[in-house]
Amino acid sequence: MNDTPAPAVEPMTLKIGDPAPDFTARTTQGALSLSGLRGGWVVLFSHPADFTPVCTSEFMAFAKATDQFSALDCRLVGLSIDSLPSHLAWVEAIRSCFGVDIPFPIVEDPSMAIARAYGMLDAHAQSSATVRGVFVIDPQGVIRAINWYPASVGRSVPELLRLVTALQVVDREGVMTPEGWTPGADVVVVSDLTQDAVSKAGPAWFLQYAKMPRS
Ligand code: BEZ
């Protein structure tokens, strides 16, 4: 598959820190309002199309990791512009072909209203397919992370678990997480930018690690 970009026609407007646009939609598990999930974390992710190989592999990986997301108080919500009957047939085919249940809702978006609100429509595709978008939404309904992958490359579910975990540690502990951080590893702390603090911290004042949990 060729992911060579053509000129974009649909600007992506949502940014980290924006409120996640609310929607109510039919899903494979009944009607769902995004605002009804407030109070917990949400990973809202779009995929290009049902019954496609990369998407199927991603959905099975998300399905197998659902308990790990639940342990983080994080709900998974899939979305594409395919119809609800298509989603239901795909979920059933995944169950019968691969023995994997999809335990999270998949939103239908035939009018593309949700995909447009989130900038998920693939501006470079001839079709109305959604790109592989991920929006991590916090318990207050604020977008905390966004990532985009092309149709040809599957996402890493362990990386998304790591991302949600890191965001929660950042919120809880008032720290930041360095490259490749995983639970149990050292975090980084923001030093005061004063002469006193800098001279106390020494020459490496600009990168200070701290153990977790911090005492
Ligand atoms: C997929 O395998 O998920 C896929 C393939 C072609 C176009 C879009 C998605």
Side-chain angles (χ1 to χ4, degrees), residues 1-14 20-21 23 25-30 32 34 41-70 74-137 143 145-164:
M1 151 147 228
N2 184 356
D3 288 323
T4 307
V9 290
E10 288 268 352
M12 294 189 309
T13 51
L14 287 179
F23 60 81
R26 297 199 307 173
T27 83
T28 48
Q29 298 185 350
L32 178 142
L34 185 68
W41 291 75
V42 174
V43 169
L44 171 67
F45 61 101
S46 60
H47 65 281
D50 297 348
F51 290 100
T52 51
V54 177
C55 297
T56 303
S57 71
E58 289 184 330
F59 267 64
M60 292 197 296
F62 275 119
K64 290 172 186 169
T66 300
D67 287 349
Q68 289 168 276
F69 283 102
S70 297
C74 182
R75 299 275 302 270
L76 295 170
V77 179
L79 178 145
S80 81
I81 52 101
D82 295 289
S83 68
L84 184 56
S86 168
H87 288 337
L88 290 169
W90 187 36
V91 163
E92 195 45 45
I94 292 174
R95 190 202 319 271
S96 65
C97 295
F98 299 105
V100 176
D101 275 324
I102 303 298
F104 50 83
I106 311 174
V107 172
E108 73 159 1
D109 186 25
S111 71
M112 301 183 280
I114 306 168
R116 275 192 217 290
Y118 279 83
M120 291 165 168
L121 289 175
D122 186 344
H124 307 298
Q126 299 302 310
S127 72
S128 51
T130 43
V131 288
R132 292 186 204 288
V134 180
F135 290 80
V136 181
I137 302 166
I143 296 170
I146 303 173
N147 77 34
W148 301 106
Y149 270 53
S152 54
V153 178
R155 289 162 283 204
S156 164
V157 171
E159 170 57 15
L160 293 172
L161 271 169
R162 192 192 77 86
L163 172 59
V164 175

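One-based numbering, in listed order, for ligands and for the atoms of each. Worth knowing before you read on, the calculation uses all heavy atoms, side chains too, and leaves out hydrogens, waters and symmetry mates.
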Q) What pairs with R155 under salt bridge (charged side-chain N to carboxylate O under 4.0 Å, His left out), at least two apart in sequence or on another chain? A)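 Partners of R155 by the salt bridge (charged side-chain N to carboxylate O under 4.0 Å, His left out) criterion, ordered by chain and then number, come out as E58.
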Q) When you look for heavy atoms under 4.0 Å from ligand 1, do you find them on the side chain of P53, its backbone, both, or neither? A)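 The answer is both, backbone and side chain.
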Q. Using the ring of each side chain (for Trp, its six-membered ring), is F23 parallel, tilted or perpendicular to Y118, with breaks at 30° and 60°?
A.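 Judged by the thresholds at 30° and 60°, the geometry between F23 and Y118 is perpendicular.
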Q: Considering the heavy atoms of V54, write down every atom of ligand 1 situated less than 4.0 Å from one of them.
A: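 Here the atoms of ligand 1 in question are 1 (C), 2 (O), 3 (O).
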Q.
Using only atom types and a distance under 3.5 Å, with no angle test, would you say the side chain of T28 pairs donor to acceptor with the backbone of P105?
A.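 Side chain of T28 to backbone of P105, a donor-acceptor pair under 3.5 Å: no, none is there.
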Q.
Does any N or O of ligand 1 fall below 3.5 Å from an N or O anywhere on C55, backbone included?
A.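 Such a contact does occur with ligand 1.
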Q) Hey, is ligand 1 close enough to P48 that some N/O pair sits below 3.5 Å? A)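 P48 vs ligand 1: no N/O contact under 3.5 Å.
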Q) Is the gap between the ring centers of F45 and F104 under 6.0 Å? A)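 Yes, the ring of F45 comes within the 6.0 Å limit of the ring of F104, centre to centre.
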